[in-house]
Amino acid sequence: MTWSEMEPLLEQACWDTLYMVGWSALIAVGGGLPLGVLLVLTDRGGVLQNVVVNKVVGQVVNIARSMPFIILMVALISFTRAIVGTTIGPEAAIVPLAIGAIPFYARLVETSVREVDGGLVEAVQSMGGSTWTVVRKVLLPESLPSLISSATTTIVALIGYSAMAGTVGAGGLGDLAVRYGYLRFETKLMWITVAILAVVIAIIQFAGDLAARGLSHRGRSSVAPRLVLLRGGASRAGKPAPAPERRAEPAEIETVEPTKVP
């Protein structure tokens, strides 16, 4: 197979892979982020402590995350057909890709949010902040660099899942590598698809690490101003902010001259 024959196949396969991974990543982040935050809030000692809800949601996440992706695709065939009207092509692959990635990202979000300093949460609560304020002003901003890294890891995993989905008719680079590279003994085409996947993964990982490092440096210098804004918001809400503690001044020691004995 010449390059002029391979080029249109590679171009279409790249667009199919990016289409599948892009939409499934957006759905995974949108579904996994609130699920991971809920696991933290309902845990023991959390802001919304509820052991029953935490255990039920945790078990559902564990079961969905532990299921092999190829089995998940087969199990969701009827559901996929009901959602998109077909079981082949990039659109059909988005459904199992997103469902498989949501619990994966939720656990990463849970780990990231748990790393936030509990003292910041207590400070916001002492100022009268609600649960939504704790999540919006403390948990998400403070864990944002780690959340970006978790999203990068999820996208890289989705690229591998999309290549696996290509073996059952989803299209993309995985389908091209198997159908043309392996079954038709086009070894050159197969290695080109492997190289493209490696380059795409490297670019995504580099961009994710760069964004996480930038947000990490920026976040270290913004904790104090954020608490000041929270304190001002609590005062505007009608709840007086705690007055700054005054440092006690050292008492003056009166020197008494010793009495002379005659």
Side-chain angles (χ1 to χ4, degrees), residues 24-51 53-58 60-62 64-65 98 101-158 204-245:
S24 56
L26 288 175
I27 297 172
V29 171
L33 183 61
L35 195 60
V37 174
L38 179 64
L39 287 171
V40 175
L41 295 178
T42 57
D43 200 5
R44 296 183 185 275
V47 179
L48 301 175
Q49 179 175 330
N50 191 319
V51 179
V53 173
N54 185 268
K55 293 297 183 183
V56 171
V57 175
V60 172
V61 170
N62 289 338
R65 191 182 59 162
I102 285 174
F104 180 82
Y105 185 64
R107 281 301 183 188
L108 295 178
V109 170
E110 180 188 9
T111 303
S112 301
V113 174
R114 286 189 189 279
E115 296 176 356
V116 177
D117 187 5
L120 295 176
V121 176
E122 294 176 359
V124 174
Q125 289 179 317
S126 66
M127 297 174 193
S130 62
T131 302
W132 173 242
T133 303
V134 171
V135 173
R136 188 168 57 94
K137 295 291 188 179
V138 178
L139 296 182
L140 293 182
E142 293 301 317
S143 61
L144 188 56
S146 184
L147 292 176
I148 295 295
S149 298
S150 299
T152 305
T153 303
T154 303
I155 294 173
V156 171
L158 281 171
I204 292 174
Q205 190 67 54
F206 174 78
D209 292 344
L210 188 65
R213 282 196 298 267
L215 290 172
S216 179
H217 292 317
R218 178 182 170 186
R220 273 199 283 265
S221 60
S222 64
V223 176
R226 190 177 300 124
L227 288 178
V228 171
L229 290 175
L230 285 171
R231 182 174 300 175
S235 300
R236 288 192 297 269
K239 297 179 181 179
E245 296 182 359

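Between Leu140 and Leu147 the shortest side-chain heavy-atom distance falls below 4.5 Å. No side-chain heavy atom of Pro141 sits less than 4.5 Å from a side-chain heavy atom of Leu144. At least one side-chain heavy atom of Thr153 sits under 4.5 Å from a side-chain heavy atom of Phe104. With contacts defined as side-chain heavy-atom distances shorter than 4.5 Å, the pair Leu120/Glu142 qualifies. Contact annotation: the side chain of Leu41 approaches that of Leu139 to within less than 4.5 Å [non-hydrogen atoms, C-beta and beyond].
Here the closest heavy-atom approach between residue Pro34 and residue Gly30 is recorded as CD-O, 3.1 Å. When all heavy atoms of Ala211 and Ile148 are compared, the pair lying nearest together is CB-CG2, 4.0 Å. Contact between Gly31 and Ile102 at its shortest, heavy atoms only, is C-CG2, 3.9 Å. Closest approach of Val109 to Val37, counting heavy atoms only: CG1-N, 4.0 Å. Contact detail for Ile204 and Thr152: the closest heavy-atom pair is O-CG2, 3.7 Å.
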side-chain hydrogen bond (donor to acceptor under 3.5 Å, both in side chains), that's the test. Do Ser130 and Thr133 meet it? Break it down for me. CA-CA 5 Å; Ser130 62; Thr133 303; 3.1 Å; yes

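Applying the side-chain hydrogen bond (donor to acceptor under 3.5 Å, both in side chains) criterion to Ser150, with sequence neighbours excluded, gives Ser112. Partners of Arg114 according to the salt bridge (charged side-chain N to carboxylate O under 4.0 Å, His left out) rule, which considers only residues two or more places apart in sequence or in another chain, are Asp43, Glu110. Residues forming a side-chain hydrogen bond (donor to acceptor under 3.5 Å, both in side chains) with Asn62 (at least two apart in sequence, or on another chain): Arg107. By the side-chain hydrogen bond (donor to acceptor under 3.5 Å, both in side chains) test, Ser143 pairs with no residue at all, sequence neighbours left out.
Residue pairs meeting the salt bridge (Lys or Arg N to Asp or Glu O under 4.0 Å) criterion with at least one partner in residues 30-41, sequence neighbours excluded, are absent. Residue pairs that meet the salt bridge (Lys or Arg N to Asp or Glu O under 4.0 Å) test with at least one member in residues 143-156, sequence neighbours left out, do not exist here.
Here the options are Val29, Leu158, Ile27, the test is side chain to side chain contact (heavy atoms under 4.5 Å, CB included), and the partner is Tyr105; only Val29 passes.
Side-chain atoms of Thr42 and Asn54 include a donor-acceptor pair closer than 3.5 Å.
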